[in-house]
Amino acid sequence: MTDSVRSAAASALVDEAGAGAPSGHARRERGGSPPSAHAPDQRTPAAPNPRRGRGPLYAALDLGTNNCRLLIARPHDRGFRVLDGFTRIVRLGEGVSVTGRLSDAAMERTMEALRQCRNKLRDHQPTRMRLIATEACRAAENGPAFLARVKNEVGLDLEIVDRRTEAELAVTGCADLIDGEAQGALMFDIGGGSSELAWLDFRGGRPRAQGRMSASIRSWQSMPVGVVSIAEKFGGVDVTADVFEAMVAHVSTHLRQFRGREKLRQMIGTHKVHLIGTSGTVTTLAGLHLGLERYERQKVDGLWMRRDEVNETMRALLGMPFERRVAHPCIGKDRADLVLPGCAIFEAIRREWPTERVRVADRGLREGILISLMDADRAQKRPNRYPRRQGNGQ
């Protein structure tokens with residue numbers, strides 16, 4: 001997946017943690033988890049004075065059902081250095097699962113966030129950028145009209161990507177967290193309106209470049225369920241054990257449609273395979289497991305959690321009243337009603353394909369976009385190893 005994807009750009013991404021979009025690895029050792037095995041943080045810390053840097057700038061914007069996120073970076077070694085970032089919870093897809101349309105209030109919240117993104121892009125003037133919109137704009141009847149309005153009023157031209165592209169970008173963004181000795185991995189990205197799964201099978205070899213990791217996808221699925229849509233269907237405030245099980249059962253009906261479902265289960269039984277999860281749900285569970293007083297990306301990103309550690313943390317979260325979720329520094333009011341619906345999606349995946357370990361990724365689509373853009377430019381700059389001969393009329 002990434003050639004070097006993360007960035008501890010703490011100062012640049014400070015509002016990510018504040019908005020409840022966790023980040024982090026430098027994990028604490030707890031209860032027999034595998035050795036620290038830090039993920040190489042290939043997102044290099046932000047430069048003290050970004051304007052003095054040299055080389056092209058790249059930007060990636062991901063407008064999802066719940067969040068609007070931007071990263072601006074410059075290539076550095078085999079990865080990139082983050083220069084600026086932005087994250088805001090906008091809940092663009094609020095109500096779409098019921099009405100089929102983006103609401104006026106949600107669009108206004110999102111327009112304000114996109115104006116701030118536009119200002120950052122104007123300030124940095126990236127050489128190349130890719131701005132994408134996902135499930136909320138895919139599913140809403142007025143999604144394309146909203147993006148036309150964004151182009152008119154804000155000047156940003158966003159593309160609605162299909163579900164396969166979304167899954168491939170998530171894989172690219174998380175690739176360097178996959179265990180180098182694993183024969184396979186199941187990556188899942190729990191979003192606001194949809195959740196993507198990708199089964200990576202390395203038994204025939206694995207790509208050397210992180211940007212090519214999607215070539216190892218044997219099967220993938222995009223489920224029309226995410227934390228917002230599950231919360232709207234079942235509620236996310238007062239979640240009893242029975243309500244939680246109903247959520248899990250609902251997600252499980254979608255997982256049965258995964259192509260190769262049984263073959264993946266067989267592979268897990270005979271080969272070294274692990275889960276890798278990228279979403280606010282999984283990073284929140286990691287923060288709770290570590291007992292963090294505030295969310296710290298460098299302690300969460302790349303963290304390994306054993307099955308029993310996930311079980312214990314989920315039990316604690318299920319027993320936590322809504323008010324405590326709101327007050328918890330790793331959850332907060334913006335995610336307090338969404339974290340248990342997210343846990344239900346995660347739990348359904350774990351029951352369908354039980355593995356001993358899951359790796360936590362605080363990275364995803366934006367990183368995947370940046371890596372893809374940079375890899376494409378690197379490939380264009382490589383000299384042709386077999387130049388055409390000149391002369392003799394040829």
Side-chain angles (χ1 to χ4, degrees), residues 1-7 9 12-13 16 21 42-43 55-76 79-88 90 92 110 113-138 143-144 146-148 150-151 154-175 189 191-192 194 196 198 209-215 217 222 278 361 363-381:
M1 208 91 49
T2 74
D3 264 318
S4 319
V5 177
R6 292 162 42 190
S7 154
L13 300 180
E16 268 196 271
Q42 298 166 338
R43 258 149 75 158
L57 294 186
Y58 295 80
L61 187 148
D62 168 23
L63 178 60
T65 300
N66 202 41
N67 294 281
C68 177
R69 296 183 172 116
L70 172 72
L71 274 185
I72 299 170
R74 175 177 284 122
H76 180 75
F80 57 79
R81 183 190 295 277
V82 171
L83 302 183
D84 206 350
F86 174 86
T87 290
R88 177 169 296 175
V90 294
L92 176 61
T110 305
L114 289 171
R115 288 187 187 98
Q116 295 196 42
C117 292
R118 185 260 328 266
N119 294 342
K120 287 180 178 288
L121 290 168
R122 281 182 177 173
D123 187 35
H124 290 282
Q125 297 186 7
T127 307
R128 290 192 65 192
M129 60 185 180
R130 188 175 187 186
L131 319 176
I132 69 169
T134 58
E135 185 63 21
C137 291
R138 277 196 302 256
F146 171 63
L147 294 187
V150 169
K151 185 175 181 180
V154 183
L156 297 182
D157 190 5
L158 276 72
E159 61 172 311
I160 300 177
V161 295
D162 59 37
R163 291 183 172 94
R164 182 182 184 97
T165 299
E166 185 174 356
E168 289 177 346
L169 288 172
V171 165
T172 300
C174 299
D189 183 0
S194 68
E196 279 64 48
Q210 183 172 332
R212 305 282 177 86
M213 189 61 76
S214 62
I217 296 176
S222 180
T278 168
R363 58 182 80 184
L365 295 182
R366 293 174 303 168
E367 289 85 354
I369 290 170
L370 290 174
I371 290 160
S372 299
L373 292 176
M374 293 176 188
D375 275 5
D377 281 359
R378 288 186 189 111
Q380 285 184 356
K381 291 176 182 176

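For the numbers below, each heavy atom of this structure counts, side chains included, while hydrogens, waters and symmetry mates do not.
- Counting only distance, with no hydrogens or angles, the side chain of R163 and the backbone of S222 share no donor-acceptor pair below 3.5 Å.
- Here R130 contributes atom CZ and I369 contributes atom CD1; the two are 6.0 Å apart, rounded to the nearest 0.5 Å.
- Under the 4.5 Å side-chain criterion, counting only non-hydrogen atoms from C-beta, L61 is not in contact with M129.
- Side-chain contact between T134 and D62 is present, with at least one heavy-atom pair separated by less than 4.5 Å.
- When all heavy atoms of L147 and C137 are compared, the pair lying nearest together is CD2-SG, 4.0 Å.
- Counting heavy atoms from C-beta outward, T172 and M213 have side chains that stay 4.5 Å or more apart.
- Shown here are the side-chain contact (heavy atoms from CB on, under 4.5 Å) partners of T110, two or more places apart in sequence or in another chain: L63, V90, L92, L114, F146.
- Here the closest heavy-atom approach between residue A113 and residue F86 is recorded as O-CE2, 3.8 Å.
- For the atom pair SG (C117) and CG (L158), the distance works out to 9.0 Å, reported to the nearest 0.5 Å.
- Remark: E166 pairs with R138 by the salt bridge (charged side-chain N to carboxylate O under 4.0 Å, His left out) rule, at least two apart or across chains.
- Between R378 and D375, at least one side-chain nitrogen of the basic residue sits less than 4.0 Å from a carboxylate oxygen of the acidic one, meeting the salt-bridge criterion.
- The shortest distance between side-chain heavy atoms of L71 and R69 does not fall below 4.5 Å.
- For N119, the side-chain contact (heavy atoms from CB on, under 4.5 Å) test picks out no residue, with sequence neighbours left out.
- Judged as a side-chain contact (heavy atoms from CB on, under 4.5 Å), and not counting sequence neighbours, the contacts of R164 are D162, E168, W220.
- Residues R363 and G173 share a closest heavy-atom pair of CD-O, 3.0 Å.
- Residues A59 and I72 approach most closely at CB-CG1, 4.1 Å, considering heavy atoms.
- For the atom pair CD1 of I371 and CZ of R366, the computed distance is 12.0 Å after rounding to the nearest 0.5 Å.
- No side-chain donor-acceptor contact under 3.5 Å links T278 to the backbone of D189.
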Decide yes or no on side-chain contact (heavy atoms from CB on, under 4.5 Å) for V82 and L370, but give the supporting numbers first.
CA-CA 10 Å; V82 171; L370 290 174; 5.7 Å; no
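- With sequence neighbours left out, the side-chain contact (heavy atoms from CB on, under 4.5 Å) criterion links T127 to P56.
- Partners of D157 according to the salt bridge (charged side-chain N to carboxylate O under 4.0 Å, His left out) rule, which considers only residues two or more places apart in sequence or in another chain, are K151.
- Between the OG atom of S372 and the CG atom of D377 there is a distance of 11.0 Å, given to the nearest 0.5 Å.
- When side chains are defined from C-beta on, L121 counts as touching L156, because their heavy atoms get closer than 4.5 Å.
- Taking NZ of K120 as the start and CG of L83 as the end, the distance is 11.0 Å to the nearest 0.5 Å.
- Between F80 and A73 the shortest heavy-atom distance is CD1-CB, 3.6 Å.
- The heavy-atom pair separating H124 from L57 by the smallest distance is O-CD1, 3.3 Å.
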